[in-house]
Colleague: 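Following this message is one structure expressed as structure tokens.
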Amino acid sequence: MVKKLSGGSGCSGWDLKRFRTPKNSVGVYISPRVGLAAIFAAKGMKTPQGIKIGSTAKQLKAAYPRVKKNFHGYYVTAVPGNKKAYYSFTVSRGKVTEYGIALHKQDCFN
């Protein structure tokens, strides 16, 4: 991993060496309180259910039948087999444009 954002007393931001993000973003947040708090997908990554950047909203809903749009406009669903985490997907023009996995107790972002 490559450190991109010093956390000071808060969360630090990192990139996976193989999946670098643009200058003003990070791929991984690590919290001093909860540890690995979130991972945001880069192009080429996919969920175990096969969802990736570019998947259609229809594919997303088929893979995660309980996905719901929240008040921020993100599609959110529980991570199968992990009660402590959730997936969050951004859908634009009918396609997944961003997604990540985060702990419910993460303390790095809203």
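On a predicted model such as this, the values are computed, not experimentally measured, just so you know. All values below come from the heavy atoms of this structure, side chains included, with hydrogens, waters and symmetry mates left out.
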Colleague: Grab the two heavy atoms, one from Met45 and one from Phe19, that are nearest each other, plus how far apart they are.
Modeller: CE-CD1, 3.4 Å
Colleague: Keeping to residues at least two apart or across chains, list the disulfide (SG to SG under 2.5 Å) pairs with something in residues 17-110.
Modeller: Cys11-Cys108
Colleague: Does any pair with a residue in residues 19-31 pass salt bridge (Lys or Arg N to Asp or Glu O under 4.0 Å), and if so which ones, sequence neighbours excluded?
Modeller: none
Colleague: Let me confirm one number: the OG1-CG distance from Thr21 to Asp15, rounded to the nearest 0.5 Å.
Modeller: 3.5 Å
Colleague: How long is the straight-line distance from NE2 of His104 back to CG of Asn82, given to the nearest 0.5 Å?
Modeller: 8.0 Å
Colleague: Kindly give the cluster partners of Leu103, where membership spreads through any ILVMFWY side chain lying under 4.5 Å from a current member.
Modeller: Val34
Colleague: Listing request: all ring pair (Phe, Tyr, Trp, His ring centres under 6.0 Å) pairs with a residue in residues 34-56, at least two apart in sequence or in separate chains.
Modeller: Phe40-Phe109
Colleague: Could you tabulate the donor-acceptor pairs under 3.5 Å formed by side-chain atoms of residues 53-71, not counting sequence neighbours?
Modeller:
| unit_1 | atom_1 | unit_2 | atom_2 | d |
| --- | --- | --- | --- | --- |
| Ser55 | OG | Lys52 | N | 2.9 |
| Ser55 | OG | Lys52 | O | 3.1 |
| Thr56 | OG1 | Gln59 | N | 3.0 |
| Thr56 | OG1 | Gln59 | OE1 | 3.3 |
| Gln59 | OE1 | Thr56 | N | 2.7 |
| Tyr64 | OH | Thr47 | OG1 | 2.9 |
| Tyr64 | OH | Gln49 | OE1 | 2.6 |
| Asn70 | OD1 | His72 | N | 2.9 |
| Asn70 | OD1 | Gly73 | N | 3.1 |
| Asn70 | OD1 | Tyr74 | N | 3.0 |

Colleague: Enumerate the disulfide (SG to SG under 2.5 Å) contacts for residues 40-78, please, sequence neighbours excluded, ordered by first and then second residue.
Modeller: none
Colleague: Provide the full list of disulfide (SG to SG under 2.5 Å) pairs with a residue in residues 52-89, sequence neighbours left out, each pair given once.
Modeller: none
Colleague: Can I get a per-line list of side-chain donor-acceptor pairs under 3.5 Å for residues 86-97, giving both atom names and the distance, sequence neighbours left out?
Modeller:
| unit_1 | atom_1 | unit_2 | atom_2 | d |
| --- | --- | --- | --- | --- |
| Thr90 | OG1 | Glu98 | OE1 | 3.4 |
| Thr97 | OG1 | Thr90 | O | 3.4 |

Colleague: Under the disulfide (SG to SG under 2.5 Å) definition, can you give me all pairs with a residue in residues 40-103, not counting sequence neighbours?
Modeller: none
Colleague: Transitive ILVMFWY cluster of Val2 at side-chain heavy atoms under 4.5 Å: who else is in it?
Modeller: none
Colleague: Tell me the side chain to side chain donor-acceptor pair (under 3.5 Å) pairs involving residues 27-43, sequence neighbours left out?
Modeller: Ser31-Asp107, Arg33-Asp107
Colleague: Please list, chain by chain and in numerical order, all residues satisfying side chain to side chain donor-acceptor pair (under 3.5 Å) with Thr77, sequence neighbours excluded.
Modeller: none
